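Data first, discussion second: the structure below is written as structure tokens.
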Amino acid sequence: MSTLARRLIICCLGVLAGIAAWPVAEVILMYQRIFPSYLIFSIVLGAAFGFILGAFFGSFAGITSSVKPRIGSGAITGALVGLVGGAAGFFIGQGVLFLAGELLFSSYKSFNRIGLPVARAIGWGFLGIFVGMTEGIRAGSLKKIQVGILGGFIGGIPGGFALEYSRLLFPEIIYARLAGFIILGLLIGFFYSLVEKRLAYGVLRVLNGCFKGKEFLIAQKKLKIGKSAKNEISLADYADVADVHAVLLIKGHDLLLKPAGPKFPVLVNEDKITEHPLKYEDVIKIGSARLYYKLE
């Protein structure tokens with residue numbers, strides 16, 4: 001799978017997440033009157049959105065890496081992180097609304113058309129942060145968490161505005177809110193993938209065998225390579241590959257490749273290495289697999 005296909009999948013998952021969140025939103029809105037306060041209603045609404053969006057975005061690493069166990073674990077992690085993030089985001093948004101409402105908005109009209117959408121958009125931005133962080137939390141990668149925070153917030157804010165103003169501008173059109181959810185999910189996915197690309201250290205492209213053409217984005221400071229599905233770069237169907245065969249490490253400005261142990265030979269440009277700073281266009285041989293290091 002190419003890195004372009006990876007970005008398209010992330011965006012598609014965002015769209016599907018928006019579609020899945022829409023009927024849940026309509027049901028919660030239908031029963032808004034049973035909540036004891038608007039604050040509690042908002043927190044429940046945010047938690048429900050976060051749970052759904054997080055589950056979809058949490059599954060993308062497993063889908064793009066073709067590692068089925070990672071799909072389920074990622075979805076569960078994403079759902080739980082998204083639930084907390086959605087509740088926290090909408091709570092923060094309501095706090096901003098109540099603190100600034102009396103000071104900045106003198107009429108109900110300005111409050112409804114500016115204050116409420118702005119507060120909700122801030123809430124969506126914080127929700128985007130938590131949704132974006134899900135893969136970094138699952139992988140235990142600070143780098144991916146940073147990517148998620150930046151990409152999720154940048155996508156969540158404009159997506160939140162699109163969602164809120166679709167409701168205001170077209171109140172009689174039930175599908176306007178659906179369009180808003182789709183835009184929200186799409187923008188979170190798009191900006192996450194864009195930030196991930198900008199902060200990545202390059203790509204490893206498989207040159208042979210059953211994974212020929214598949215690309216692995218190097219977007220965290222440590223990646224394990226081997227036969228096991230638990231590795232960030234899994235070469236399960238290649239001969240002479242150990243469960244954990246090699247490790248990629250970021251040290252300063254260098255991307256270092258080294259064998260996981262003395263019994264696991266790794267070649268770069270046909271030379272056996274003990275530790276090697278990769279350069280673009282290097283060809284790596286691990287067991288029967290050959291990988292090409294290139295700029296994304």
Side-chain angles (χ1 to χ4, degrees), residues 10-11 13-32 34-61 73-99 115-138 144-145 147-167 177-192:
I10 295 173
C11 290
L13 284 172
V15 170
L16 292 174
I19 293 171
W22 174 63
V24 176
E26 296 303 319
V27 171
I28 295 175
L29 288 167
M30 187 184 304
Y31 292 100
Q32 180 177 346
I34 71 173
F35 292 92
S37 70
Y38 188 76
L39 177 61
I40 293 175
F41 163 73
S42 295
I43 291 173
V44 170
L45 193 63
F49 294 155
F51 184 87
I52 295 168
L53 294 174
F56 274 87
F57 280 104
S59 67
F60 88 85
S73 63
I76 293 169
T77 301
L80 295 177
V81 173
L83 186 146
V84 174
F90 273 56
F91 180 79
I92 291 169
Q94 288 303 304
V96 171
L97 181 66
F98 288 122
L99 287 174
L116 187 58
V118 168
R120 283 282 187 86
I122 291 171
W124 288 116
F126 277 94
L127 171 58
I129 287 174
F130 280 82
V131 168
M133 287 168 52
T134 55
E135 171 55 19
I137 292 172
R138 186 207 62 79
K144 284 193 172 183
I145 289 174
V147 169
I149 290 172
L150 188 57
F153 188 72
I154 294 173
I157 289 290
F161 273 113
L163 174 57
E164 295 303 321
Y165 278 104
S166 67
R167 174 184 61 85
R177 192 153 31 223
L178 171 60
F181 277 116
I182 290 173
I183 293 170
L184 172 69
L186 176 62
L187 288 180
I188 291 175
F190 173 77
F191 281 103
Y192 178 93

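In this text, all values refer to a predicted model and were calculated from it rather than measured experimentally.
Looking at every heavy atom in both residues, P23 comes nearest to I19 through CD-O, 3.1 Å. Taking each heavy atom of V24 and A48 in turn, the nearest pair found is CG1-CB, 4.1 Å. Taking every heavy atom of both residues into account, S42 and F90 meet most closely at O-CD2, 3.3 Å. Residues G82 and L127 share a closest heavy-atom pair of O-CD1, 3.9 Å. When all heavy atoms of A17 and L53 are compared, the pair lying nearest together is CB-CD2, 3.4 Å.
Taking CD1 from I188 and CG from L13, the interatomic distance works out to 12.5 Å, rounded to the nearest 0.5 Å. Taken to the nearest 0.5 Å, the CD1 atom of I129 stands 13.0 Å off from the OG1 atom of T134. Interatomic distance, CG of L80 versus CZ of F51, reported as 7.0 Å (0.5 Å rounding). With values rounded to the nearest 0.5 angstrom, I183 atom CD1 is found 8.0 Å from L186 atom CG. Here the straight-line distance linking atom CG of L187 with atom SG of C11 works out to 9.0 Å at 0.5 Å rounding. To the nearest 0.5 angstrom, L16 atom CG is 9.0 Å from I182 atom CD1.
The aromatic rings of W124 and F49 sit parallel, their planes meeting at an angle under 30°, below the 60° perpendicular limit. Note: F41 and Y38 have tilted aromatic rings, judged against thresholds of 30 and 60 degrees for the angle between ring planes.
Side-chain contact between F153 and I157 is present, with at least one heavy-atom pair separated by less than 4.5 Å. Using a 4.5 Å cut-off on side-chain heavy atoms (C-beta onward), F181 and L163 make contact.
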| task | Might you work through the side-chain contact (heavy atoms from CB on, under 4.5 Å) test for I122 and F126, ending with a clear yes or no? | result | CA-CA 6 Å; I122 291 171; F126 277 94; 3.8 Å; yes
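Residue pairs satisfying the side-chain hydrogen bond (donor to acceptor under 3.5 Å, both in side chains) criterion with at least one member in residues 19-30, sequence neighbours excluded, are listed as follows: W22-E26, E26-R177.
The six-membered or imidazole ring of F57 lies away from that of Y192, with a centre-to-centre distance of 6.0 Å or more.
In this structure a side-chain-to-backbone donor-acceptor pair under 3.5 Å is missing from T77 to G74.
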